[in-house]
Trainee: 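Quick one: the structure is below, and I'll ask about it shortly.
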Amino acid sequence: MAELRLTNTLTREKEIFEPRDPERITLYVCGPTVYNLAHIGNARPVVVFDMLYRVLRALYPQVIYARNITDIDDKIIAAARDRKEGIEAVTQEFTEKYREDMAQLNTLPPDLEPRATDNIDPMQSLITQLIERGHAYAADGHVLFDVTSMSSYGALSGRNLDDMLAGARVEVASYKRSPGDFVLWKPSSQDEPGWQSPWGWGRPGWHLECSAMIRAHLGDAIDIHGGGRDLIFPHHENERAQSCCGYGGDFVRYWLHNAYVDMDGEKMSKSLGNVRTVRELLGLYAGEVLRFALLSTHYRSPLNFSGELLDNAKTALNSFYQALRNSADIEAEHIRPEDTAAFTALLDDLNTPKAIAALHSSCKALNKADAKMAATFKGELLAMGRMMGLLGNDPEQWFTDSASSSGPTAEDIEHRLAARLEARARKDFAAADAVRDELQAQGIELEDGPEGTTWRRL
RNA sequence: GGCUCGGUGGCAGAGUGGUAAUGCAGCGGAUUGCAAAUCCGUCAACGCCGGUUCGAUUCCGACCCGAGCCUCCA
């Protein structure tokens, strides 16, 4: 079988992927905290790990992909307070919107989507276990993980406790034994959401849910755990500490992390006011354009998001769909995605730019091919597109649907094209060109081909 | 301060111990009534300085520059 290679954050090396059980692959990706709309940076890991999910499904009979919904968190509590609603109203609204937005990016839904609030019991038993094993302690209404109790704490993020102490720049809460200790359970006031526990009315710490839910839904240990680079520390480091110390074992074999999305060369942040939500961008560009843009850089490199990036993505997709449109009457040969150059590229640590190059190569071959070879190249192009979650739209629709509601209707355009056709037949090119210029001004581009005139929205 | 990652043509972006993918843009041509789309051709790059080597963009070291993380931010 073809070998999949992945860069493991834990070892900092590209390794051959060897599953625990080839019959059952387990993948867990950190999902959203549902208190606002997902921005384009939130979408990157979703698209990247969707790509991985698709590759894994092509290689193995069963892949279980879990992505959590964090529906209890201080930011959620704050948002609910602002809106004078319960947290359920907030989390339900943004969970739904998140699912809708991610579906627009043509990402497959995960097999499991566990919610933190449905898993309070497993979290509490994990805390109990950690306390019993001497890795956690209760203090001042909190339960804290004792980082000094784990010799390999810091292994994932490549730090040690001394470094962290040296770099500490935040005042340490008085109830912590050592500054690196982190919260497993925190007290809630009476008007805050909470649950009864052996340590009083309270709520779980952030890292806890992933450890508990992985155990509850996937098992003691999983193959791959993914997320954004920023999660390496503290989130994944702490998750690893909780699971390794609470349950024993390796917990995760391969840790994968994607780099950030920057906006026009700057970090995306609320204070800079350059946060772009997926929903907002979907009003301007097709979801497939956003997906393509997110895949155009290797996942471990920073991606600079800009209008130019999106325009390039759109241009590239246009050329693919153009080739498909031009070969509409040719029946594509059936080709297995696993047999394509794009798949080979993806096996090498998800080399999506290289896979895209393969797309271009087949597209060009299709454009040049005679009728017989065209079937093969078209099949190739479509197979690779299928593999990558691209090119699934109808080519005709791709060019004639509009992302916005402005612009002339299809009927209107066809009507004017008929008039232009007549003018051309009369060799009245001035009149014909006038129609074309007028449509061009309204964002419609015409193409006169041997079999008539086609049009597309720009 | 500690830790981590990166610097490839005008732009985007792969990759390699030995002629440096691909796309966009540019230029020339074919095609077209003119365009568009497509095709053909073409220009152009490995931050800096040492080291290892027959040979370094690729490995090692220093330097310069940029990015990220350092307790709840994807």
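Remember, predicted model here, so these are calculated numbers, not experimental data. FYI, side chains are in, hydrogens and waters are out, and symmetry mates aren't considered; it's all heavy atoms of this structure. Each chain gets a letter, A, B and so on, in the order its sequence line appears, and its residues count up from 1.
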Trainee: Would Arg159(A) and Phe233(A) count as a cation-pi pair here, with the cationic atom under 6.0 angstrom from the ring centre and within 45° of the axis?
Mentor: yes
Trainee: Starting at atom CG of Leu303(A), determine the distance to atom C1' of G68(B), rounded to an integer number of angstrom.
Mentor: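 Taking CG of Leu303(A) and C1' of G68(B), I get 15 Å after rounding.
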Trainee: Which part of the nucleic acid does Leu446(A) contact within heavy-atom distance under 4.0 Å: base, sugar-phosphate only, or nothing?
Mentor: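 The answer is base, as Leu446(A) lies within the cut-off (heavy atoms under 4.0 Å) of a base atom.
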Trainee: Within 45° of the ring axis of Tyr137(A) and under 6.0 Å from its six-membered ring centre, is that where the NZ or CZ of Arg177(A) lies?
Mentor: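 Relative to the ring axis of Tyr137(A), which defines the angle, Arg177(A) lies inside both limits.
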Trainee: Using both distances under 3.5 Å as the test, list the Watson-Crick or G-U wobble partner of G17(B), or none.
Mentor: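 Here G17(B) is not engaged in any pair, so there is no nucleotide opposite it.
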Trainee: Which nucleotide sits closest to the side chain of Ser301(A): G33(B), A14(B), C73(B)?
Mentor: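 Per side-chain heavy atoms of Ser301(A), the pick is A14(B).
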Trainee: Assign Asn304(A) to base, sugar-phosphate, or nothing according to its heavy-atom contacts below 4.0 angstrom with the strands shown.
Mentor: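 If one applies the 4.0 Å heavy-atom cut-off, Asn304(A) turns out to touch nothing in the nucleic acid.
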Trainee: For a quick check of understanding: with a heavy-atom distance under 4.0 Å over all strands, which category does Arg456(A) fall into, base, sugar-phosphate or nothing?
Mentor: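 Result for Arg456(A) = sugar-phosphate.
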Trainee: Which part of the nucleic acid, if any, lies within reach of Asp433(A) when heavy atoms closer than 4.0 Å are counted: base, sugar-phosphate only, or nothing?
Mentor: base
Trainee: Rounded to whole angstrom, note down the P distance from C59(B) over to G18(B).
Mentor: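 After rounding to an integer number of Å, I get 12 Å for this pair.
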Trainee: Using only side-chain N and O atoms of Thr297(A), determine if any of them is under 4.0 Å from OP1 or OP2 of G13(B).
Mentor: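 For Thr297(A), the contact criterion (side-chain N or O under 4.0 Å from OP1 or OP2 of G13(B)) is met.
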Trainee: Scan side-chain atoms only and decide if Asn68(A) and Thr70(A) contain a donor-acceptor pair under the 3.5 Å cut-off.
Mentor: yes
Trainee: For a quick check of understanding: with a heavy-atom distance under 4.0 Å over all strands, which category does Val46(A) fall into, base, sugar-phosphate or nothing?
Mentor: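 It contacts nothing in the nucleic acid.
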Trainee: From CZ of Arg159(A) over to P of C3(B), roughly how many Å is that when rounded to an integer?
Mentor: 11 Å
Trainee: Take atom P in A36(B) and the same atom in A25(B), then report the distance between them in whole Å.
Mentor: 12 Å
Trainee: Scan Lys427(A) against the nucleic acid and name what it touches under 4.0 Å (heavy atoms): base, sugar-phosphate only, or nothing.
Mentor: nothing
Trainee: Please determine if a side-chain N or O atom of Lys368(A) lies less than 4.0 Å away from the OP1 or OP2 oxygen of C40(B).
Mentor: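 Yes, Lys368(A) has a side-chain N/O under 4.0 Å of OP1/OP2 on C40(B).
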Trainee: Using atom P in both nucleotides, what's the gap between A30(B) and A20(B) to the nearest angstrom?
Mentor: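 It works out to 31 Å between them.
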Trainee: For RNA chain B, whose closest nucleotide is more 5', that of Phe429(A) or that of Tyr35(A)?
Mentor: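 So the residue in question is Phe429(A).
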Trainee: Please measure how far the C1' atom in G15(B) lies from the corresponding atom in U19(B), and state the result in whole Å.
Mentor: 15 Å
Trainee: When both hydrogen-bonding distances must be under 3.5 Å and the geometry is Watson-Crick or G-U wobble, what is A67(B) paired with, if anything?
Mentor: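 Base-paired to U4(B).
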Trainee: Measuring only the C1' atom in each nucleotide, how far is U53(B) from G61(B)? A whole number of Å is fine.
Mentor: 16 Å
Trainee: So His298(A), base contact, sugar-phosphate only, or nothing? Heavy-atom distance under 4.0 Å.
Mentor: sugar-phosphate
Trainee: Counting only Watson-Crick pairs (N1-N3 plus N6-O4 or O6-N4) and G-U wobbles (N1-O2, O6-N3), all under 3.5 Å, who is the partner of G33(B)?
Mentor: none
Trainee: Round to a whole Å and report the spacing from CG of Asn351(A) to C1' of G15(B).
Mentor: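 The answer, rounded to whole Å, is 8 Å.
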Trainee: Please give the nucleotide sitting opposite U57(B) as a Watson-Crick or G-U wobble pair, both distances under 3.5 Å, or none.
Mentor: none
Trainee: Let's see if you can work this out: which of U38(B), A35(B), C73(B) has an atom nearest to the side-chain heavy atoms of Arg436(A)?
Mentor: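 So the side chain of Arg436(A) is nearest to A35(B).
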Trainee: Using whole Å, what does the distance between atom P of nucleotide A37(B) and atom CG of Asn326(A) come to?
Mentor: 12 Å
Trainee: Select base, sugar-phosphate, or nothing to describe what Asp311(A) touches, counting heavy atoms under 4.0 Å on all strands.
Mentor: nothing
Trainee: Describe the nucleic acid contact of Thr33(A) in one word from base, sugar-phosphate, nothing, applying a heavy-atom distance below 4.0 Å.
Mentor: nothing
Trainee: Can a donor-acceptor pair be found between the side chains of Thr33(A) and Asp73(A) at a distance below 3.5 Å?
Mentor: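 The criterion, which ignores hydrogens and geometry beyond distance, is not satisfied for Asp73(A) and Thr33(A).
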Trainee: Tell me the interatomic distance from Asn312(A), atom CG, to G10(B), atom P, rounded to whole angstroms.
Mentor: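 Answer to the nearest Å: 16 Å.
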Trainee: For atom C1', what is the distance between U31(B) and G41(B), given to the nearest Å?
Mentor: 15 Å
Trainee: According to the interplanar angle, ranging from 0 to 90°, do the rings of His225(A) and Trp255(A) count as parallel (below 30°), tilted (30 to 60°) or perpendicular (above 60°)?
Mentor: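 Geometry flag for Trp255(A) against His225(A): parallel rings.
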Trainee: Using a 4.0 Å heavy-atom cut-off across all strands, classify Glu308(A) as base, sugar-phosphate, or nothing.
Mentor: sugar-phosphate
Trainee: Would you say a side-chain N or O of Tyr260(A) is under 4.0 Å from OP1 or OP2 of C69(B)?
Mentor: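 It does, given that an N or O in the side chain of Tyr260(A) lies less than 4.0 Å from OP1 or OP2 of C69(B).
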Trainee: Can you classify the ring geometry of Phe182(A) versus His207(A) as parallel (below 30°), tilted (30 to 60°) or perpendicular (above 60°)?
Mentor: perpendicular
Trainee: Can you check whether Lys75(A) has a side-chain N or O nearer than 4.0 Å to OP1 or OP2 of C73(B)?
Mentor: yes
Trainee: What is the distance, rounded to the nearest whole Å, between atom NZ of Lys364(A) and atom C1' of C24(B)?
Mentor: 13 Å
Trainee: How do Pro302(A) and Asn318(A) order along RNA chain B: which one's closest nucleotide is nearer the 5' end?
Mentor: Pro302(A)
Trainee: Flag the pair His360(A) / Phe320(A) as yes when their ring centroid distance falls below 6.0 Å, and as no otherwise.
Mentor: yes
Trainee: Quick one: which of A37(B), U71(B), C72(B) gets closest to the side chain of Lys186(A)?
Mentor: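 The answer is C72(B).
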Trainee: Just checking Arg420(A): base, sugar-phosphate only, or nothing, at a heavy-atom cut-off of under 4.0 Å?
Mentor: base
Trainee: Looking only at side chains, do Ser178(A) and Asp181(A) share a donor and an acceptor under 3.5 Å apart?
Mentor: yes
Trainee: Taking G17(B) as the reference, what is the distance to G13(B) when you measure between their P atoms (whole Å, please)?
Mentor: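 Roughly 23 Å separates the two P atoms.
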Trainee: Across the strands shown, which category fits His360(A) at heavy-atom distances under 4.0 angstrom: base, sugar-phosphate, nothing?
Mentor: sugar-phosphate
Trainee: Can you check the His236(A) NE2 to C3(B) P distance for me, whole Å?
Mentor: 23 Å
Trainee: Using whole Å, report how far CG of Asp448(A) lies from P of A35(B).
Mentor: 12 Å
Trainee: For atom C1', what is the distance between U16(B) and C70(B), given to the nearest Å?
Mentor: 35 Å
Trainee: Minimum heavy-atom separation for Pro204(A) to Met123(A), with atom names?
Mentor: CB-SD, 3.6 Å
